[in-house]
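Hydrogens, waters and symmetry mates play no part in the numbers below; they use all other heavy atoms, side chains included. Note that this is a predicted model, so its numbers are computed, not measured. Start at 1 and go down the list; that is how both ligands and their atoms are numbered.
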Amino acid sequence: MAFDIEMIKEVYARFPERIAAARKAVGKPLTLTEKILYAHLTEGPASQSYARGKSYVDFQPDRVAMQDATAQMALLQFMQAGRDKVAVPSTVHCDHLIQAEIGAEKDLNKAKDKNKEVYDFLASVSNKYGIGFWKPGAGIIHQVVLENYAFPGGMMIGTDSHTPNAGGLGMIAIGVGGADACDVMAGLPWELKFPKLIGVKLTGKMSGWTSAKDVILKVAGILTVKGGTGAIVEYFGEGARSLSATGKGTICNMGAEIGATTSIFGYDEKSAAYLQGTGRADIAAMADAIAAHLTGDDEVYANPEQYFDQVIEINLSELEPHVNGPFTPDLAWPISKFAAAVKENGWPAKLDVGLIGSCTNSSYEDISRAASLAQQAVDKKLNAKSEYTITPGSEQVRFTVERDGFLDTFGKMGGVVLANACGPCIGQWARHGAEKQEKNSIITSFNRNFAKRADGNPNTHAFVASPEIVTALAIAGDLTFNPLTDTLTNSEGQQVKLDEPRGLELPAKGFAVEDAGYQAPAEDGSSVQVLVSPTSDRLQLLDSFPAWEGTDLKGLKLLIKAKGKCTTDHISMAGPWLKYRGHLDNISNNMLIGAVNAFNDATNKVKNQLSGEYGEVPATQRHYKAAGIGSIVVGDENYGEGSSREHAAMEPRFLGVRAILVKSFARIHETNLKKQGMLALTFANPADYELIQEDDAIDIVGLTEFAPGKPLQIILNHKDGSSNTILANHTYNEGQIEWFKAGSALNLIKAKA
Ligand code: MIC
Ligand code: SF4
């Protein structure tokens, strides 16, 4: 930790000069977001102001965090960068690979056994290159980062889309693909298009059943899954200051679901209390000393319309608890309207399972409030009707809530405590009977609810809510129950009502933990061996992707025209496939198997233009690859929404897809494609999507003059001999065009090393 303090001191020492320079360059008062961004320019104090949504800017992040499912690929790439140590403090967290089945201890032991090879690899690479290693069982990346590493005014990147969780403590924390992490660990600048700014003014104060989660559930309903694309969301106002730091973390975490680059709150008394509560009073004192730099200027918050690109106002005193879903996190229902929606839409009203915890909602406050309801269930003789699980976010939280008796309380209500890991949230859930694909409902306090995500069953209707609402509905076993107004019949036949949940923001006796699960790296890692068995089916060293051949691309076969939602879960599914995250060849067998083919509405069934037969997407593409023929994937809006997993970009690259042509991209996925040397293109006229036919051979013309801002030509050669010529836009800048030409960004780093 001493290392961190020195780093934070250096960062804070830069703030006054850098912010003064930024204020001068921008020529008006600054938002908090601008302050932190300008304080992290690689080139030093700002000499100019940057155009929001337009200028590419080089930043110097302070930290990197990686979780096990993405760290494997990130570190396989880093191993080729030719460095002996990471350039900035970095950590690896083992959280995604633990499958929930029976309960914490057994599941953890099983995971250690099953994933031994991967954990050994991650532990040894971390040890070698100076990376802190958080062992399986230590907790979920974002919770561990919030408790240990996040600091107000800092900037970090993380190989996971929910990295913005650290915004709850005033940090600009951004989710990226592994290749971006690799650059920063290699000491290179990190490039981001200067974001647009959305301001959310929170007035009033929450009470009763409403919690921080409801703020983001409401915002998701307003902005939808695309509304935050390219923007940073900055929260402010008296309402913001009334929320706990972990509550703020929940809001920032789930900002990923609106596509936001990240979300952030300013430094305040709640941040200071959380820093003190988590053993970092020294950082709180340092932040106090520059507090004015760690929040937006007064003028900005007094007249937000003049400084933000969009402003939303939410009155916390009037905010109702929300339930969002099913199948998408932006379908927002205030609890008073939810029962009617369930009935009207024919969603299964019987609730099978309630799941609380995850990186989004597993703070001491969340658990204590949910436990207050569980205690009521016991006291009021209500037998919980649904199954109920709890995934603590970190060992520190788990240990503390066990000490304070909450886990016992959950046990009395029939709850099962799962390992401190992602578990069901990422499909690591051995849910019994899911294979029967029955229509059913579950509700979670997680953030995502795409089809099949939790248990692989497309008929599972997953809803998202606060831990309090999840707990109340699990007690009722019924989605149409409104705990604010309705009563339940207890085991003695009496009508009883649940009282409002109560909890504590921070443990009265302080946090405690025996073994937090951290392993520091060797001072000198030069003699540490990193072992990857050549016969492993879980890990595979990477080969370089070939450089661009220097010509236009002609005769590309259409692999699939995907219709509707195509998230990274559709492109590279998680769950059972997580085990291949370190083996590019093997994981490529899941490429696009969840995407819906626009020509037959089926998944994983596309026409093979060479054989004329219908086959699975990966097999069809392997056929083209073997024949030395390139292909192209066509998609709809917000293609690649969701996860940061770069496998969704590396798999098509590896299998010989040359371009992805869509109506629009999600930010992280677009960058991931560019980094891997793919062409990420958008229809200049979105209606041209309709022109794509199943048997098309497609040419991409203009690559020899590939330049920023200049569209490329796409020629659609149809089977009947006719053709259409359309335009495709792109957002490549000069440097990114070099990645394309070299075959990948990593090829360039290697060439320089
Ligand atoms: C997720 O929530 O989808 C994940 C799993 O955490 C991913 C990362 C991954 O796919 O490994 C994310 O959000 O980036
Ligand atoms: Fe893990 Fe779920 Fe959080 Fe992703 S969203 S980091 S899978 S707990």
Aromatic centroids of Phe654 and Phe545 separated by under 6.0 Å:
no
Using the ring pair (Phe, Tyr, Trp, His ring centres under 6.0 Å) rule, collect all pairs that involve residues 100-122, keeping only residues at least two apart or in two chains.
none
Could you grab the protein N, O or S atoms closer than 2.8 Å to atom 3 (Fe) of ligand 2 for me?
Cys359 SG
Give one line per pair: atom of ligand 1, protein atom, distance. Only N/O to N/O under 3.5 Å.
unit_1	atom_1	unit_2	atom_2	d
ligand 1	2 (O)	Arg448	NH1	3.2
ligand 1	2 (O)	Arg453	NH2	2.7
ligand 1	3 (O)	Arg448	NH1	2.8
ligand 1	3 (O)	Arg453	NH1	3.0
ligand 1	3 (O)	Arg453	NH2	3.1
ligand 1	3 (O)	Arg645	NH2	3.3
ligand 1	6 (O)	His96	NE2	2.8
ligand 1	6 (O)	Asp160	OD2	2.6
ligand 1	10 (O)	Arg581	NH1	3.4
ligand 1	10 (O)	Arg581	NH2	3.0
ligand 1	10 (O)	Ser643	OG	2.8
ligand 1	10 (O)	Arg645	NE	2.5
ligand 1	10 (O)	Arg645	NH2	3.1
ligand 1	11 (O)	Gln67	NE2	2.8
ligand 1	11 (O)	Arg581	NH1	2.7
ligand 1	13 (O)	Ser161	N	3.4
ligand 1	13 (O)	Ser161	OG	2.4
ligand 1	13 (O)	Arg448	NH1	3.0
ligand 1	14 (O)	Ser161	N	2.7
ligand 1	14 (O)	Ser161	OG	3.3
ligand 1	14 (O)	Ser643	OG	3.3
ligand 1	14 (O)	Ser644	N	2.8
ligand 1	14 (O)	Ser644	OG	2.9

List, one per line, each side-chain donor-acceptor pair under 3.5 Å for residues 135-144, sequence neighbours excluded.
unit_1	atom_1	unit_2	atom_2	d
His142	ND1	His162	O	3.4
His142	NE2	Asp160	OD1	2.8
Gln143	NE2	Glu147	OE2	3.4

Stacked cation flag Arg63 on Tyr149, 6.0 angstrom / 45 deg:
yes
Provide the closest heavy-atom pair for Lys675 versus Ala179 in the form atom of the first, atom of the second, distance.
CD-CB, 3.5 Å
Would you kindly say whether Thr360 and Asn447 are connected by a side-chain donor-acceptor distance under 3.5 Å?
yes
Ignoring hydrogens and angles, state whether a donor on the side chain of Asn361 or Asp366 is under 3.5 Å from an acceptor on the partner side chain.
yes
Of the backbone atoms (N, CA, C, O) and the side-chain heavy atoms from C-beta on, which set of Arg448 has a member under 4.0 Å from an atom of ligand 2: side chain, backbone, both, or neither?
neither
Min heavy-atom dist Arg453 to ligand 2 below 4.0 Å:
yes
Answer yes or no: is there a donor N or O on one side and an acceptor on the other, between the side chain of Asn672 and the main chain of Ser644, under 3.5 Å?
yes
Please check: side-chain N/O of Ser244 versus main-chain N/O of Glu505, any donor-acceptor pairing under 3.5 Å?
no
Between OG1 on residue Thr671 and NZ on residue Lys193, distance to nearest 0.5 Å:
8.5 Å
Would you give the length of the straight line joining atom CD1 of Ile172 to atom CD of Glu234, rounded to the nearest 0.5 angstrom?
8.0 Å
Should you measure from each heavy atom of His96, which atoms of ligand 2 turn up under 4.0 Å away?
1 (Fe), 4 (Fe), 6 (S), 7 (S)
